[in-house]
**Student:** 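Okay, handing you the structure first.
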Number of protein chains: 2
Amino acid sequence: MFSIGQLSKLTGVKIPTIRYYEQMGLIAAPERSEGNQRRYTADGLGRLSFIRHSRDLGFSIENIKGLLELSQHPERPCQDAHSIAVEHLKDVQNRIAKLRRLERELKRISKCDAGNIADCAVIETLADHGLCETEH
Amino acid sequence: MFSIGQLSKLTGVKIPTIRYYEQMGLIAAPERSEGNQRRYTADGLGRLSFIRHSRDLGFSIENIKGLLELSQHPERPCQDAHSIAVEHLKDVQNRIAKLRRLERELKRISKCDAGNIADCAVIETLADHGLCETEH
DNA sequence: CTTGAACCTATAGCTACTAGAGGGATTATA
DNA sequence: TATAATCCCTCTAGTAGCTATAGGTTCAAG
């Protein structure tokens, strides 16, 4: 049996976050000690690790709920899990593409070597979208 | 003079967002009509366009406050504006790097062609960090 | 038995908005 | 000029995914 602090250390998930996950229904409310403190089993540890890892990979709480549900039913077809992952991959790729356009623009405008604000390319570009090279 | 709705259409910033910016101190409270409705000048339009554009480029409200402050003082050196932009650029580059690691991992795990959850690579990888190829 | 660390609940705050309720103002048309 | 349609007002609460704080209780070591 682990206390919430031990679980936190083992998984790297902060204590208030664990309680938050419980509130959100991601993990079941665990048993309690006589003094009303949470006591987790190895099962709880596994589930929280799954969540931690999924969050690291950027899955939303809602997606993780779905994935956890699926993982409880080994006999089901895995299409659903697959499409959640693929959707998320698409999302990640979109975000990368968008950030790279920003990167280009920021690189360009931050090359400013003016002496004062009046001629600063950063300020000038922000004030006038027309000066941008890419769309956003 | 523009109403808030006209300003919204001209800049692409939604009406509640404009009011929110006013509340946050990004834009000054404009004059009001006799019936207490906001009336904006061309100046207000310029300022909101600046904000819109900066937000599009991912600058935070706090950063934008700083940049707006700077843009009001054309005689000052532009180092501050420059370093805000460079900091932001670094941040964007970090995020890109992180997302690309995720992309690799997600691509790998979503190649799963198992029939059911029991053998699904997606679920399996999420449950066990040890199966990952890159750190995160 | 005492002390200090760990734990409890409940509430509020963070970013950057968005949505809704319940009302008043403005404008176009009849 | 009346009225309907559209716009606008404030205020409050909700979104994601936590984090922080206050005020109190329990646990484990010495």
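Since the model is a prediction, treat every value here as computed from it, not as a measurement. Chain A is the first sequence line, chain B the second, and so forth, proteins listed ahead of strands; every chain is numbered from 1.
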**Student:** Closer than 4.0 Å, any side-chain N/O of A:R52 to the OP1 or OP2 of D:dC18?
**Tutor:** no
**Student:** Could you tell me how far apart A:N36 (CG) and C:dA10 (C1') are, to the nearest whole angstrom?
**Tutor:** 14 Å
**Student:** Toward the 5' end of DNA chain D, which comes first, A:K14 or A:G35, by nearest nucleotide?
**Tutor:** A:K14
**Student:** Can a side chain N or O of A:Y20 be found less than 4.0 Å away from OP1 or OP2 on D:dA16?
**Tutor:** no
**Student:** Would you indicate which nucleotide in D:dC8, C:dT18, C:dC17 comes nearest to any side-chain atom of B:I4?
**Tutor:** D:dC8
**Student:** Whole Å only: how far is the CD1 atom of B:I51 from the P atom of C:dC17?
**Tutor:** 10 Å
**Student:** So if I take every side-chain heavy atom of A:R38 and compare against C:dC8, D:dT19, D:dC18, which nucleotide ends up nearest?
**Tutor:** C:dC8
**Student:** For B:Q6 and D:dT6, give me the distance from atom CD to atom P, rounded to whole Å.
**Tutor:** 17 Å
**Student:** How long is the line joining CD1 of B:I15 and C1' of C:dT26, in whole Å?
**Tutor:** 14 Å
**Student:** May I ask you to say whether A:E105 pairs ionically with A:R108, meaning some side-chain N is under 4.0 Å from a carboxylate O?
**Tutor:** yes
**Student:** Between A:Y21 and B:Q23, which residue's closest nucleotide on DNA chain D lies nearer the 5′ terminus?
**Tutor:** B:Q23
**Student:** Whole angstrom is fine here: how far is it from CG in B:L26 over to C1' in C:dT15?
**Tutor:** 13 Å
**Student:** Of all the choices, C:dT26, D:dC9, C:dT18, which nucleotide is nearest to the side chain of B:R19 once you look at every atom?
**Tutor:** D:dC9
**Student:** Expressed in angstrom and rounded to an integer, what is the separation of B:F2 atom CZ from D:dC7 atom C1'?
**Tutor:** 17 Å
**Student:** With a 4.5 Å cut-off on side-chain heavy atoms, are B:I117 and A:C78 touching?
**Tutor:** yes
**Student:** Can a salt bridge be assigned to the pair B:E133 and B:R104 using a cut-off of 4.0 Å between side-chain N and carboxylate O?
**Tutor:** no
**Student:** Taking 4.0 angstrom as the limit, do A:E103 and A:K107 come out as a salt bridge?
**Tutor:** yes
**Student:** Under 4.0 Å: is that the gap between some side-chain N or O of A:R39 and OP1 or OP2 of D:dT26?
**Tutor:** no
**Student:** A:R32 has a side chain; which of C:dC8, D:dG17, C:dT18 sits nearest to it?
**Tutor:** C:dC8
**Student:** Looking at D:dC8, I'd like to know if its phosphate oxygens (OP1 or OP2) sit under 4.0 Å from a side-chain N or O belonging to B:S3.
**Tutor:** yes
**Student:** Below the 4.0 Å mark, does D:dC8 have OP1 or OP2 next to a side-chain nitrogen or oxygen of B:S33?
**Tutor:** no
**Student:** Can you figure out which of D:dC18, C:dC7, D:dC7 approaches the side chain of A:Q37 most closely?
**Tutor:** C:dC7
**Student:** State which residue, out of A:D91, A:I84, A:I51, fulfils the side chain to side chain contact (heavy atoms under 4.5 Å, CB included) condition with A:F59.
**Tutor:** A:I84
**Student:** Given atom CD1 of A:I18 and atom P of D:dG17, what is their separation to the nearest angstrom?
**Tutor:** 17 Å
**Student:** Just the rounded figure in Å: distance from C1' of D:dT26 to CD of A:E34.
**Tutor:** 11 Å
